[in-house]
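Proteins get letters first, then strands, A, B, ... in listed order; numbering begins at 1 in each.
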2 protein chains.
Amino acid sequence: MIHITIKDVAKRLNVSVSTVSRAFNDKYDIKKDTKELILKTAKEMGYHPNPIAKKLSQNKSLNIGVVIPEFMNSYYSEVAIVLQEFFISKGYQVLLMQSNENEEQELKNVKTLINNMVDGLIIAPTVGYRNTPYFIEKHNEGYPMVFLNRIDETLPASKVIFNNVKWSFFATEHLIRQNNKKIYHLSGYNNLCVSSERVEGFKKAMNKHKITKENYKIIETGLLAKEGMEVIEDLIFHHDIPDAFFCVNDMVALGAMKKLKDNGYKIPDDVAFVGFTETRIAKLVTPQLSSVRQPTREMAKKAGEMLLNRINNPDSETETAIFNGEFNIRKSSVRDSSIPNI
Amino acid sequence: MIHITIKDVAKRLNVSVSTVSRAFNDKYDIKKDTKELILKTAKEMGYHPNPIAKKLSQNKSLNIGVVIPEFMNSYYSEVAIVLQEFFISKGYQVLLMQSNENEEQELKNVKTLINNMVDGLIIAPTVGYRNTPYFIEKHNEGYPMVFLNRIDETLPASKVIFNNVKWSFFATEHLIRQNNKKIYHLSGYNNLCVSSERVEGFKKAMNKHKITKENYKIIETGLLAKEGMEVIEDLIFHHDIPDAFFCVNDMVALGAMKKLKDNGYKIPDDVAFVGFTETRIAKLVTPQLSSVRQPTREMAKKAGEMLLNRINNPDSETETAIFNGEFNIRKSSVRDSSIPNI
DNA sequence: TCGGTTTTCGGAAACGGTTTCGGAAACGGT
DNA sequence: ACCGTTTCCGAAACCGTTTCCGAAAACCGA
C-alpha cells in the first residue's frame with residue numbers, strides 16, 4: 001500500500017522532480033534519452049502519477065458529472081455506459097448520479113457535483129422545470145454544461161435532443177394507416193418536454209388526417225408500467241377502449257397491454273399498440289411491440305463530445321444537435337399477418 | 001468560476017488558515033465562538049472546502065470503486081443506485097465501472113480504480129475466474145475489498161452472497177410438486193459460480209424426489225434472452241420439449257417462453273416456467289413469470305457497510321454474509337387456476 | 001501574585017504533483 | 001576562439017488543505 005512518488009523516481013535517477021514530471025507530460029522541453037530513461041525506471045519502480053495531486057496542481061478535477069433522471073429504464077443505463085467509456089478514453093472520470101425523477105434530488109446532485117469541482121456537467125433533467133433558473137445561472141457563470149434529451153426550451157446551453165415531434169407523428173400516422181379510427185395517446189407527464197413534443201406529433205397526425213376530437217384522447221399517465229395499467233383499468237371501467245394506443249414509452253405500453261390482455265382483449269386484433277424509446281423487452285413480449293428506436297449511443301457520445309468542446313473552448317458558440325430515429329413496426333400494431341411475429 | 005479558498009476566509013477574519021481549517025473539522029481545539037464566527041462568514045462568502053486538496057493532504061481519496069459485470073439487466077442498476085446513495089451519505093463518492101461481462105475489461109477497470117486511489121472496492125465479478133489471483137494479491141496487500149454475488153470460493157476477502165443452492169432447490173421442488181415429470185434447467189454459464197450453485201440446488205431436488213437422469217437435463221445457455229431462444233429452437237428441432245423449465249434468470253426464461261409461445265406451445269399448460277433473480281418485467285409478461293426474488297437493496301447495502309468496516313478497521317476479520325430470498329409463484333408455473341393472474 | 005494547567009491559536013511543514021524562471025551546457029556559425 | 005542560440009534541466013513557488021509543534025493567553029488554586 002506504500003505509494004511511490006515522483007520524488008522516489010527523481011532520487012533514484014539523481015534528477016530533479018521537475019524533470020520527472022516533464023517526462024510524463026509531453027509538452028515540456030526534455031531530452032528524448034532522459035525522458036525514456038525516466039519512463040522506463042518509473043515503470044520498473046511501479047510509479048503511477050497521483051491523480052489527486054495532479055488535479056490539485058492543475059486546478060482541474062478531470063471529473064465529469066453526469067446526472068440522469070433514473071436508472072431503471074434501460075435507456076439511461078445505456079447513456080451512462082456510453083458516457084463512461086467515452087470520457088475514460090479521454091482521460092476523464094465520470095461521476096454518475098441519478099435523481100430518481102425528483103427535482104430536489106436533482107438539484108442536490110448538481111450542487112454536489114459542482115462542489116466536487118467537476119470540470120463539466122451532462123444533465124438529462126427530470127420531470128419539471130423548477131431547476132432551470134439554477135442551470136441558467138451556472139451556465140452564465142461559464143460552467144460547461146450539456147443537456148440531454150429533456151430540455152427546457154429557454155436553456156441557452158448546448159443540447160442534444162431527439163426529434164420527438166417527427167417520430168411521434170410517424171408512429172401515429174402508422175396507426176391511422178392501419179385503419180384505426182379511434183386512437184388514444186398515453187402521454188407521460190404534462191410538464192415533461194418529451195411528452196409535450198410527442199403529444200404535438202400525435203396531434204399533427206390527427207389534424208393531417210382530419211380525425212376529430214371525438215375520436216382521439218390524450219391521457220396523462222407517467223412513465224411506468226404501473227401507470228399504464230391504472231389508466232386501462234379506468235378506461236375499462238368506463239367502457240372506453242379505443243382501436244389503438246400510442247404510448248409515451250415502452251413501459252407504459254407494456255403495462256397497458258398486459259391489463260388489456262388480462263381482461264380478454266386481443267392485441268392487436270382488438271387493440272393495436274405502439275410504444276416509444278424502444279427497449280430490449282419490446283421483442284420479448286407477445287405480441288412484439290412496435291416502437292420508435294432512438295440512437296441512444298450516438299446521442300450520448302455526441303453529448304460527450306460537445307461537453308469536451310465546451311471545456312476546451314469556453315468561448316465557442318453553444319450547439320444543438322437534433323437526432324432522428326427509426327420506427328420498428330412489429331406485430332402489436334398490424335392486424336394482417338404480413339409482419340411475421342419473430 | 002473563481003473559487004474562494006480557506007485563505008480568503010482567514011484573511012477576512014484575520015485568523016490563520018489552520019484556525020479556519022479547524023473550524024471545519026470538529027476534532028481540533030477551537031473556541032466555540034470563533035468556530036461559529038468562521039463558519040458563518042465562510043458561508044456568507046460562499047466558501048466550500050476543496051475536496052481535492054482535502055484528499056491530497058489526508059492521503060485519502062474518499063472515493064469508492066464499484067465494478068459491476070453489466071448494466072443492462074436491472075439487477076446491477078439497482079445495486080449501483082443503492083451503493084451510490086449509501087456512500088454519498090457517508091461522505092464518499094462512488095466511481096462506477098462496468099465490465100461488459102468481460103474479464104479483461106474487468107481487470108482494466110479495477111486497475112484504473114486502484115490507480116485513481118479509491119479507498120476501497122466493491123466488485124461483482126464477471127463470468128470466469130481469471131482475475132481471481134489479482135484480486136487475492138490486492139486483498140493480501142491490504143486493499144479493502146468486498147465481493148458481491150459471484151464469488152470465487154478461494155477468495156479470502158469479505159463477501160456478500162445469495163443462497164443460490166437453497167432457493168434453486170425450492171424453485172425446482174415447486175415444479176416437481178406441480179407434477180412436472182420431465183424438467184430441464186437452463187443454467188447460464190458453466191464457469192459462473194451462481195450458475196453452478198443453482199445447478200447444485202436443481203440436482204438436489206432431483207435426487208430428493210428420485211427423478212432419474214432420463215427425466216432431467218442441464219443445458220448451458222448464457223444470461224441473455226437471445227440465448228434462451230436459441231436453446232428452445234434447438235430443442236424444438238429435436239422434438240425434445242420437457243414439461244417444465246427452471247431458468248438461471250428471468251431474461252433466459254422470457255426468451256425461452258417467447259420462442260415456445262411463437263411455436264404454439266401454451267404456457268403453463270404445455271410447459272411450465274420458473275425464473276430467478278426476479279425482474280420487474282416478470283409481472284408484465286403473459287403469463288406472469290414465477291421467480292425467486294433476491295433482496296438486492298439489502299445485499300448491496302450490506303456490501304457497502306462491510307467495505308466501510310474494512311476501511312476503518314483494516315485488521316478486522318473478513319466476513320461473509322449469506323442472504324435468503326423469496327419465491328414468488330405466479331401463473332407461469334401453475335396449471336390449475338388457484339393463482340390468479342393479476 | 002505566582003506558578004502550573006489547560007485552551008486556543010499561529011507558523012510551518014507536509015501531501016504529490018505542475019509550471020515558471022533562469023542559468024548551464026551544448027551547439028553552430030563566423 | 002568567441003559569441004549568440006537553442007536545448008535541457010534544477011530551484012522554487014504554487015495548488016488548498018491538514019496537522020504537528022510550540023507558544024501565547026486564559027484560567028485556577030493556593
If every non-hydrogen atom of A/I30 is compared with every non-hydrogen atom of A/T19, which pair is closest and at what distance?
->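 Where A/I30 meets A/T19 most closely, the heavy atoms are CD1-O, 3.7 Å.
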
At their closest point, which heavy atom of A/A124 faces which heavy atom of A/P69, and how far apart are they?
->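 Heavy-atom minimum between the residues: O-CD, 3.1 Å.
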
In what stems does DNA chain C take part, counting only runs of at least 3 consecutive Watson-Crick or G-U pairs whose two distances fall under 3.5 Å?
->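 So the stems come out as C:1-30 with D:1-30.
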
Please state whether the rings of A/F71 and B/F71 are parallel, tilted or perpendicular, taking 30° and 60° as the class boundaries.
-> tilted

Look at the rings of B/F147 and B/F135 and say which category their plane angle falls in: under 30° parallel, 30 to 60° tilted, over 60° perpendicular.
->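 B/F147 vs B/F135 ring planes: tilted.
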
Where do A/I122 and A/V67 land on the side-chain contact (heavy atoms from CB on, under 4.5 Å) test, with the steps shown first?
-> CA-CA 6 Å; A/I122 291 184; A/V67 182; over 6 Å; no

Look at all strands and tell whether A/L56 reaches a base, only sugar-phosphate, or nothing, counting heavy atoms closer than 4.0 Å.
->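 If one applies the 4.0 Å heavy-atom cut-off, A/L56 turns out to touch a base.
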
With heavy atoms under 4.0 Å as the rule, sort A/V20 into base, sugar-phosphate or nothing.
-> nothing

Of the residues in residues 39-53 of chain A, which ones touch DNA chain D at a heavy-atom distance under 4.0 Å?
-> none

Please tabulate the protein-to-nucleotide N/O contacts below 3.5 Å involving nucleotides 20-24 of chain C, giving atom names and distances.
none

For [X] and [N], what is the distance between atoms [atom1] and [atom2] respectively, to the nearest whole Å?
X	N	atom1	atom2	value
A/K7	D/dG10	NZ	P	16 Å
A/D33	D/dC8	CG	C1'	12 Å
A/K31	C/dC27	NZ	C1'	13 Å
A/M117	D/dC15	CE	P	13 Å
A/N25	D/dC9	CG	C1'	15 Å
A/K32	D/dC9	NZ	P	14 Å

Minimum side-chain heavy-atom gap [X]-[Y] below 4.5 Å:
X	Y	value
B/Q84	A/Q98	no
B/N309	B/S316	yes
B/N116	B/N63	no

Report the C-alpha distance between B/K302 and B/E298 in whole Å, list the side-chain angles of each, state the deciding distance to 0.1 Å, and finish with yes or no for salt bridge (Lys or Arg N to Asp or Glu O under 4.0 Å).
-> CA-CA 6 Å; B/K302 181 72 186 177; B/E298 292 76 8; over 6 Å; no

Any donor-acceptor N/O pair, [X] side chain to [Y] backbone, under 3.5 Å:
X	Y	value
A/S21	A/V17	no
B/N131	B/Y134	no
B/S61	B/M117	yes
A/E106	A/T126	yes
B/K60	B/L56	no

Summary of salt bridge (Lys or Arg N to Asp or Glu O under 4.0 Å) pairs that have at least one residue in residues 119-135 of chain B, sequence neighbours excluded =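 Checked against salt bridge (Lys or Arg N to Asp or Glu O under 4.0 Å) - neighbours excluded - the pairs reaching residues 119-135 of chain B are B/E103-B/R130.
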
In residues 57-65 of chain A, which ones come under 4.0 Å of DNA chain C, going by heavy atoms?
->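 Hits under 4.0 Å, by residue number: A/S57, A/Q58.
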
Between the protein and nucleotides 4-6 of chain D, which nitrogen or oxygen pairs are less than 3.5 angstrom apart?
none

Electrostatic pair B/R297:B/E85 at N-O distance under 4.0 angstrom = yes

